[in-house]
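Step one of this worksheet: look at the structure below.
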Amino acid sequence: MIDAPQPASPRMVWGVAALLTALSDALQARFPVVTVQGELSGFTRAASGHCYFSLKDADGQPAMLRCAMFRRAASMVDFAPRDGMTVELRGRLDLYGPRGELQFIVEAMRRSGEGALYEQFLRLKARLEAQGWFDPDRKRRPPPYARRIGVITSTGGAALHDVLTALRRRAPHARVFIYPTLVQGSEAPPAIVRALAAANARADAEVLLLVRGGGSLEDLWAFNDERVVQAVGESALPVICGVGHETDITLADLAADLRAPTPTAAAELATVARQQCLDSLDALERQLRRRVEQRLDAAAQRLDRLALRLARPGDALARQRRRLDLLSQRLGQVAPRTVSMETQRLRHLAQRLAQVAPRAAALEQQRLRHLAQRLDRALPQQAQRGAQRLEGLAARLQALDPRQVLARGYAWLDDGQGRALGSVDQLHEGQDLRAVLADGEADLRVGRIARRER
């Protein structure tokens, strides 16, 4: 007899989510609560308040564990976690389903000492600070309107794109010189030093931007190298350092003339916004235009006043003529009146002389003769002074005579009725005019009128 074959047992097939769930349950059952010690790396805090980072082996072994600490647990931490710190974490192991990655859910964090790399950072910082590389007196103010800007960074990083975008937006007129260099790894420090030396030797730029994107303390360690710090401090050109994110601080930041929180901020610190420059120029233009208009208005008013004084010289001449006539009348009245008064006075004295004693009469007669002599001398002198004054007034009157002005090549225009013309507004084409010249008159007719701009 031949035995019939037995049916095979059914094969177990897992779904991905089911397998990950089973593994997660197994991990939680095997490791319900775990305390692990390591060094923080890549610590970030999201806007939601959750924290994400990696925990490296504190003994330097190449091992790393991804960690997540939710907002409730993060709010109970009584210090500010940062890269390089050695901490003790208490929590549970879990599998992150969407990516199938092992992660550690942190429920508590306790500080257990800072990592070796961060301790090295602090020691190097203290030594360089004692040497004076971070002194404020060493720092220079970058030029506010730099037209040539040098950028020292990696050509493959996002920092270069961010810097160029910011410069193109704020100062499109500025020329940009790029000095490529490594920004991470053991070869980065000498490469950065060479790039700084090349930028200073060529002197193409007015200010240098030393920039790099964010990263962990290890990623940014090249900017903590003593050679880089000294090269930044010795640079003949001002250096603006923008390495990492706002919370990242490197020794190169402290040695630079100006520290920027990000590469984009470094570009903004090196330039003045184009719109701000245009606004300043507009304000200066308005101020200059206002000052010029004020000067022109004042000059125009002064010119108008002078033109009014020169427009009718006949009025001034008539006033001087009337004054001269008045002085002549007064001069003609003064001399006869003076003679009459002196004659009356002499008669009175003669009457008194006839009444006094002979001696007194002789004295009075002598005094009268003396007075008569003085009177004879005074009258010609007074007449001469009057004549001299009259001659001076006549000379001034002659200087104001319009005929003297006409003799210098000028002409007196009137409308034929004796009314003077001083503006083109009083004229029209075809109008008959009369021009008075020094030696005669001429009849004119207006053919064209053109106004002269002031």
Side-chain angles (χ1 to χ4, degrees), residues 80 82-84 114 117-153 159 163 166-167 170-171 174-179 181 183 188-212 214 217 220-273 276-277 280:
R82 62 176 180 269
D83 290 357
E114 298 181 345
L117 195 60
Y118 190 70
E119 292 176 358
Q120 182 181 351
F121 172 85
L122 294 178
R123 289 195 300 270
L124 184 58
K125 176 178 180 294
R127 181 160 58 85
L128 293 175
E129 187 173 10
Q131 294 175 2
W133 291 104
F134 307 147
D135 289 348
D137 295 339
R138 297 177 57 92
K139 301 183 184 300
R140 297 155 295 181
R141 184 179 181 86
Y145 298 97
R147 299 178 61 87
R148 295 173 286 114
I149 301 173
V151 182
I152 301 176
T153 188
V163 168
L167 293 178
R170 292 174 61 86
R175 295 182 61 189
V176 180
F177 301 89
I178 300 175
Y179 304 94
T181 182
V183 293
I192 297 173
V193 172
R194 288 193 298 269
L196 283 167
N200 280 275
R202 293 173 56 180
D204 294 324
E206 302 172 66
V207 62
L208 298 178
L209 306 184
L210 179 60
V211 296
R212 185 205 188 281
L217 184 61
L220 305 179
W221 190 253
F223 296 90
N224 295 321
D225 191 280
E226 184 173 0
R227 293 167 293 179
V228 174
V229 173
Q230 292 179 357
V232 170
E234 293 173 350
S235 173
L237 299 173
V239 178
I240 301 177
C241 192
V243 176
H245 299 302
E246 188 169 356
T247 57
D248 297 324
I249 298 180
T250 67
L251 298 180
D253 289 326
L254 302 179
D257 296 287
L258 200 60
R259 175 188 176 264
T262 62
T264 301
E268 293 175 351
L269 290 175
T271 58
V272 178
Q276 182 178 346
C277 295
S280 299

Nearest-0.5 Å distance, [atom1] of residue [X] to [atom2] of residue [Y]:
| X | Y | atom1 | atom2 | result |
| --- | --- | --- | --- | --- |
| L220 | F121 | CG | CZ | 10.0 Å |
| T250 | K125 | OG1 | NZ | 12.0 Å |
| L167 | T264 | CG | OG1 | 9.5 Å |
| F177 | R202 | CZ | CZ | 7.5 Å |
| E268 | T262 | CD | OG1 | 7.0 Å |
| R148 | D204 | CZ | CG | 7.5 Å |

Distance-minimising heavy-atom pair for [X] and [Y]:
| X | Y | value |
| --- | --- | --- |
| L269 | A260 | CD1-CB, 3.8 Å |
| E206 | R147 | OE2-N, 2.8 Å |
| A270 | V207 | CB-CG1, 4.3 Å |
| A252 | V232 | O-CG1, 4.2 Å |
| F134 | A255 | CD2-N, 3.8 Å |
| P263 | R212 | CG-O, 3.4 Å |

Taking [X] for its side chain and [Y] for its backbone only, find out whether a donor-acceptor pair lies under 3.5 Å.
| X | Y | value |
| --- | --- | --- |
| D257 | R140 | yes |
| D225 | R227 | yes |
| T153 | V211 | yes |
| N200 | L237 | yes |

Residue pair E234, L196: steps toward the side-chain contact (heavy atoms from CB on, under 4.5 Å) verdict: CA-CA 10 Å; E234 293 173 350; L196 283 167; over 6 Å; no

side-chain contact (heavy atoms from CB on, under 4.5 Å) between L128 and L251, intermediate numbers included: CA-CA 9 Å; L128 293 175; L251 298 180; 3.9 Å; yes

Passing candidate, side-chain contact (heavy atoms from CB on, under 4.5 Å) with I149, options V163, I240, L209: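 When V163, I240, L209 are each tested with I149, the side-chain contact (heavy atoms from CB on, under 4.5 Å) holds only for L209.
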
Heavy-atom side-chain contact between R127 and R123 under 4.5 Å: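 Contact flag for R127/R123 side chains = no.
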
Student check: side-chain heavy atoms of Q120 and N224 closer than 4.5 Å: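 No; the side chains remain at least 4.5 Å from each other.
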
Stepwise side-chain contact (heavy atoms from CB on, under 4.5 Å) test for L254 and W133: CA-CA 8 Å; L254 302 179; W133 291 104; over 6 Å; no

